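Numbers here are sequence positions counted from 1. All values derive from a computational prediction rather than experimental measurement.
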Amino acid sequence: MIKAFIYDSQEEKKSAFSKYNRFETCFVVPDLNAKQSIQKLFFKQTHVLEEELILRANEFWLLLFQANFNDIHLVNTNIISSLIEEWVEEEQFELSLNSIKQFLKVFEQLLPLKLMLQSDELLSSWFQENVSSYIKWGKWYELTSQLYEKIYSLKILPHNLITTHLLLNFPDIQFDFKTQYVFDLGVELSHQEAELMVQLAQVADVHVYMPDNIYNTIESHFSNKYLIQNIGKDDLHKITSENKVSESQKIYKRFSTQLSEIKDLTFQVRQWLEQGVKPEDIAIVLPNLEEYYPILQEYFKSDGIKINKDSLITANSQREIIRWLNHLTAKTKRLQKSTVEFLEFEGQDTELSYNEFKEKLSLFFSTDDMKRISALDKKYLDQKIISQKLSCFEFIQWSFSCWRSCEQDELVLSVLNKLYVETPSSLSLAIEKWLLILESALIKKEVVVQESTGGVGLYNLYQSMWVDVSHMYVGGLNQKCLLSNNSQIISQSEVISIMNHLGVVINHETASNYAFYVNYILAKTNRQTILSYPETTFLGEIGAPEITWLAGSFEAEITAKSSAPRAANFDIQQRRISSAENVRVENDLNLSSQDSVTSDFIQQIKLSNSSMDRYNSCPFVYFMESVLKMRSLNPLDLDESPLAKGSMYHAIVEKITESSTLSFVENDLDKIIEDSKTKLKHNYLNDTHWLINKEKYLNFAKRFLEEELKYNNSYPERKVEHTELYLKYFWDQKNKELSTDRGYPIVSVIDRVDVSSDGKYVLTDYKTSKSSVRSHKSWVEHKSYQLVLYFLMYSFHLKNDNKDHKLAGLFYYILRDYKRDFGLKIEGAGDSFFEVKRKSEQMAENHFKDLVEQISDLIYETVDSIERGAFQPVPKKIETCKNCYWRKTCRAPHLI
């Protein structure tokens with residue numbers, strides 16, 4: 001026999017529950033919070049409670065299943081997913097990886113349909129009348145039918161199909177629990193549970209408790225509507241309270257963001273506590289507690305508000321567990337870069353350089369890429385990999401043999417034991433599949449870091465039915481916050497049609513009816529309730545208000561304008577910290593003043609054209625690389641970096657120009673290229689990638705050699721005196737000149753020095769392309785003083801050697817175009833080297849002296865700024881910041 005009891009408030013339900021005979025009744029509730037609340041209710045009457053007196057719905061159906069079907073093994077969905085993946089691969093179904101993932105999502109809803117149907121012919125006739133349904137999921141159902149036979153033969157069943165199996169075999173089910181069953185599931189009641197309750201009523205007394213706001217809006221609750229239709233009018237009872245209950249006090253609030261809502265919530269809870277309200281009499285109810293909790297926790301901590309919630313972490317976040325999983329993964333075909341990085345650098349001794357690792361494995365596609373580092377090749381790729389399938393027991397033996405810690409033995413054993421219990425002994429899977437199942441189990445396993453000592457209660461909205469407090473703050477009443485991620489393939493209308501035409505009841509997990517919970521919270525009770533609507537989510541999404549909040553706010557006549565949140569201590573502290581931090585940052589970056597830096601740093605200053613050019617491009621980059629000696633990585637890429645290309649071109653040109661005869665054949669050039677790659681320690685993705693680039697360099701070497709032979713024939717009176725000439729002197733900052741013994745060390749590497757028979761010389765710097773060079777007319781303006789610095793260094797070098805050579809020109813050699821006449825020629829000199837047709841490239845000797853003086857002044861100014869420690873992030877070109885390696889570290893105003 002089945003009866004329904006309609007109630008208005010929690011007090012009415014509690015009063016009714018307390019009158020049941022606890023020795024003959026089993027209470028079935030939706031969640032743990034409801035279970036604990038009823039336990040407290042009965043503990044007031046007695047000190048001992050039977051274990052099976054109060055059960056969650058999933059516990060009740062599980063006990064019923066285990067009592068009747070001990071020959072069927074319940075398994076978790078991860079095992080089913082792994083089996084399906086293997087079967088799809090073995091049967092060679094034409095499914096891509098994405099299609100398999102999509103099928104796994106729909107399989108959980110389609111398998112119950114297959115189980116409940118007596119014949120596929122019934123569904124075929126239904127498909128003929130519902131063609132759109134066949135197009136949407138008909139083919140998926142056919143695949144499910146094929147895989148069903150395999151699952152049935154293994155005598156296994158996914159946990160989420162317990163109610164399906166019970167309903168399918170209901171006439172043969174034995175009940176040994178109680179003679180009376182009380183169900184209070186609200187809108188969490190599923191379609192199959194409703195049918196099971198109707199069936200159960202044929203052999204036992206079933207009482208269904210239903211809130212009044214469900215009963216009066218039954219059209220929106222399909223499962224409850226089905227129950228009501230199976231209950232006679234004489235068996236519908238309205239509970240009336242013996243005690244008069246006062247109206248609740250309702251306050252409606254509106255904020256611009258969820259963060260503003262948290263600030264106001266914190267202030268409100270602190271105010272309640274200051275007014276003498278006990279923490280256990282305050283509840284915070286939210287639609288998605290895990291989304292709010294990380295931020296809410298920090299605000300409450302700053303205000304000294306305790307939360308009645310254990311501090312939890314998942315097992316897979318434990319240090320020893322992470323190490324264990326990485327060791328296991330390293331012994332399988334699932335070897336990944338992240339695994340190797342953890343094992344090599346997680347507090348262990350290794351001869352491998354981290355920078356080398358990051359550079360050579362920046363692109364990682366397969367385990368073959370490990371071969372770029374010989375140490376990894378031998379360590380990970382040479383080991384024996386288990387390729388055969390393992391039973392669960394074999395996998396547990398193997399995995400636990402790799403466990404090296406004693407700290408978490410109990411945790412690991414509990415997870416492995418649960419895996420063993422949930423897995424049939426006959427089941428064998430590839431080791432990679434077992435690892436995925438183990439990882440999923442560790443993710444779900446929660447570890448208590450710190451137990452709660454009491455405080456303000458935090459609840460998800462669906463847990464609010466049994467929350468008994470005097471003060472409640474309900475937040476997140478925004479439709480975006482209330483959305484469900486449910487994406488079941490069979491719609492509710494199709495579920496109803498299948499039930500009506502085929503007599504098959506399957507579940508449809510619709511989004512929880514949040515309006516029901518909010519209405520239930522607002523039911524007549526002696527409570528102060530605040531309901532809050534944030535206009536935007538943490539992600540900045542704008543959402544409409546929840547319908548109950550909207551109706552209530554109109555009735556309360558609140559303003560349409562959002563309110564400003566009241567101050568929380570967290571924000572006050574952050575403002576203080578921020579103010580102090582701003583002062584510190586300002587001092588660090590010398591934004592307000594530029595004090596002299598320490599003498600220790602001044603003694604470490606070393607100058608070169610590249611370092612001063614780096615400073616002029618951005619002082620902060622100079623600070624990171626030249627002062628802090630930080631190294632920017634050049635990770636592998638499918639395309640070589642400009643720096644790598646330039647260094648290879650320079651090395652090749654140097655080797656060719658070193659020869660006075662230029663008598664090279666192709667094999668010689670090939671060797672030059674290979675030697676240059678080895679000398680520069682350049683890394684390439686693989687051998688094929690290097691061969692492609694090598695061909696490019698070989699073609700360049702041939703063309704450059706050809707151009708050099710032509711040049712020698714045209715100007716036979718000159719020769720290459722130096723290549724890669726390294727000069728080191730000192731910069732005397734006081735006198736703005738070079739010195740041999742005082743000042744800051746300054747170095748230059750001149751790519752090429754050509755000298756004619758009459759004692760004139762030309763300094764040449766190789767450039768990959770013309771984009772990085774400027775006309776000599778803008779050298780001062782853009783602080784491009786490379787060639788002039790080379791002149792200062794080389795002329796000082798000649799002076800010390802007592803040589804009287806004269807400058808004929810300073811030029812860039814553009815390697816891409818094989819052009820050598822872009823630069824500066826001294827008028828009346830240099831005919832022995834080449835002909836410069838453009839007058840704009842020529843300069844009178846007295847004008848050149850002025851240029852040298854101006855460049856010397858620029859060097860002085862640059863060194864002076866470095867001495868003063870002016871390292872504020874002021875880039876010459878802001879657009880270069882988007883590709884800067886130090887972008888995340890930089891505090892330039894335009895990046896903050």
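- Counting non-hydrogen atoms of other residues, nucleotides and ligands closer than 6.0 Å to CD1 of Ile542 gives a total of 12 or fewer.
- Interatomic distance, CD1 of Ile79 versus CG of Leu154, reported as 11.0 Å (0.5 Å rounding).
- A 4.5 Å side-chain heavy-atom check between Val447 and Gln318 finds at least one atom pair inside the cut-off.
- Defined by atom type and a distance below 3.5 Å, a donor-acceptor pair is missing between the side-chain atoms of Ser133 and Trp126.
- Remark: Lys309 NZ is packed, more than 12 non-hydrogen atoms of other residues, nucleotides or ligands lying under 6.0 Å away.
- When all heavy atoms of Asn316 and Ile322 are compared, the closest pair comes out as O-CG1, 3.2 Å.
- Side-chain atoms of Glu142 and Tyr134, non-hydrogen and from C-beta on, do get closer than 4.5 Å to each other.
- In this structure the side chain of Asp184 never reaches within 4.5 angstrom of the side chain of Ile38, judged on heavy atoms.
- For the pair Leu168/Thr164, no side-chain contact is recorded, criterion being any heavy-atom separation below 4.5 Å from C-beta on.
- Taking all atoms of both residues into account, the shortest heavy-atom contact from Ala330 to Leu343 is CB-CD1, 3.7 Å.
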Requested in this report: List the steps and the verdict of side chain to side chain donor-acceptor pair (under 3.5 Å) for Ser190 and Gln192.
Outcome: CA-CA 6 Å; Ser190 72; Gln192 290 183 342; 5.8 Å; no
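- Residues Ile437 and Phe395 are not in side-chain contact: their nearest non-hydrogen atoms beyond the backbone lie 4.5 Å or more apart.
- No more than 12 heavy atoms of other residues, nucleotides or ligands lie within 6.0 Å of CD in Glu121, so this atom counts as exposed by the packing criterion.
- Of the possible polar contacts, one joining the Asn478 side chain to the Pro534 backbone as a donor-acceptor pair under 3.5 Å is found.
- Few gaps surround NZ on Lys337; more than 12 heavy atoms of other groups in view lie less than 6.0 Å from it.
- Within the 3.5 Å criterion, the main-chain N or O of Gln463 finds a donor-acceptor partner in the side chain of Asn33.
- Listed for the Glu291 side chain is no donor-acceptor partner under 3.5 Å among the backbone atoms of Leu286.
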Query raised in the report: Yes or no on side chain to side chain contact (heavy atoms under 4.5 Å, CB included) for Trp87 and Ile151, after CA distance, side-chain angles and deciding distance?
Result: CA-CA 10 Å; Trp87 289 336; Ile151 293 176; 3.6 Å; yes
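- Residue pairs meeting the salt bridge (Lys or Arg N to Asp or Glu O under 4.0 Å) criterion with at least one partner in residues 193-206, sequence neighbours excluded, are absent.
- With ring centers used as reference points, Tyr292 lies under 6.0 Å from Phe538.
- For the pair Thr314/Leu442, no side-chain contact is recorded, criterion being any heavy-atom separation below 4.5 Å from C-beta on.
- Atom NZ of residue Lys35 and atom CH2 of residue Trp466 lie 14.0 Å apart, to the nearest 0.5 angstrom.
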Query raised in the report: Between Ile489 and Phe107, is a side chain to side chain contact (heavy atoms under 4.5 Å, CB included) present by the stated rule, with each step listed?
Result: CA-CA 9 Å; Ile489 196 167; Phe107 179 77; over 6 Å; no
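- Checked by atom type and distance alone, the side chain of Thr144 pairs as donor or acceptor with a backbone atom of Trp140 at under 3.5 Å.
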Query - Residue pair Glu494, Asn130: steps toward the side chain to side chain contact (heavy atoms under 4.5 Å, CB included) verdict - result: CA-CA 9 Å; Glu494 290 171 323; Asn130 299 271; over 6 Å; no
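- Proximity of a side-chain donor or acceptor of Gln479 to a complementary backbone N or O of Gly543 within less than 3.5 Å is not detected.
- The shortest side-chain heavy-atom distance between Phe342 and Thr329 does not fall under the 4.5 Å cut-off.
- Listed by first and then second residue, the side-chain hydrogen bond (donor to acceptor under 3.5 Å, both in side chains) pairs that reach into residues 69-79 are Asn76-Glu422, sequence neighbours excluded.
- Although no hydrogens or angles enter the test, the distance criterion places no donor-acceptor pair under 3.5 Å between the side chain of Gln258 and the main chain of Gly476.
- Between the side chain of Gln336 and the backbone N or O of Ser338, no donor-acceptor pair lies under 3.5 Å.
- Of the charged side-chain nitrogens involved, at least one lies within less than 4.0 Å of a carboxylate oxygen, so that Lys433 and Glu85 count as a salt-bridged pair.
- The shortest distance between side-chain heavy atoms of Leu196 and Leu166 falls below 4.5 Å.
- Going from atom NZ of Lys150 over to atom CG of Leu83 covers 10.0 Å, rounded to the nearest 0.5 Å.
- The aromatic rings of Phe60 and Phe183 stand perpendicular to each other, their planes meeting at an angle above 60°, with 30° marking the opposite boundary.
- Nearest heavy atom pair, residue Tyr520 against residue Met465, reads CE2-O, 3.3 Å.
- Once rounded to the nearest 0.5 Å, the distance linking CG of Leu110 with CD1 of Ile506 reads 8.0 Å.
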Query - Full working for side chain to side chain contact (heavy atoms under 4.5 Å, CB included) between Trp137 and Val106 - result: CA-CA 8 Å; Trp137 51 270; Val106 304; over 6 Å; no
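- Taking OH of Tyr141 as the reference point, atom CD of Gln146 lies at 11.5 Å (rounded to 0.5 Å).
- Counting only distance, with no hydrogens or angles, the side chain of Thr423 and the backbone of Tyr420 share no donor-acceptor pair below 3.5 Å.
- The shortest non-hydrogen separation linking Val208 to Met197 is CG2-CE, 3.4 Å.
- Taking all atoms of both residues into account, the shortest heavy-atom contact from Leu227 to Ala194 is CD2-O, 3.7 Å.
- Counting only residues at least two apart or in different chains, ring pair (Phe, Tyr, Trp, His ring centres under 6.0 Å) contacts with residues 192-212 comprise Phe5-His207, Phe5-Tyr209, Phe17-Tyr209, Tyr20-His207.
- Looking only at distances, a side-chain donor or acceptor of Trp434 sits under 3.5 Å from a matching main-chain atom of Leu429.
- Between atom CG of residue Leu461 and atom CG of residue Asn288 there is a gap of 10.5 Å, rounded to the nearest 0.5 Å.
- Heavy atoms only, all atoms of each residue included: Gln128 and Val131 are closest at O-CG2, 3.7 Å.
- Under a 3.5 Å cut-off, the side chain of Lys114 and the backbone N or O of Tyr148 do not form any donor-acceptor pair.
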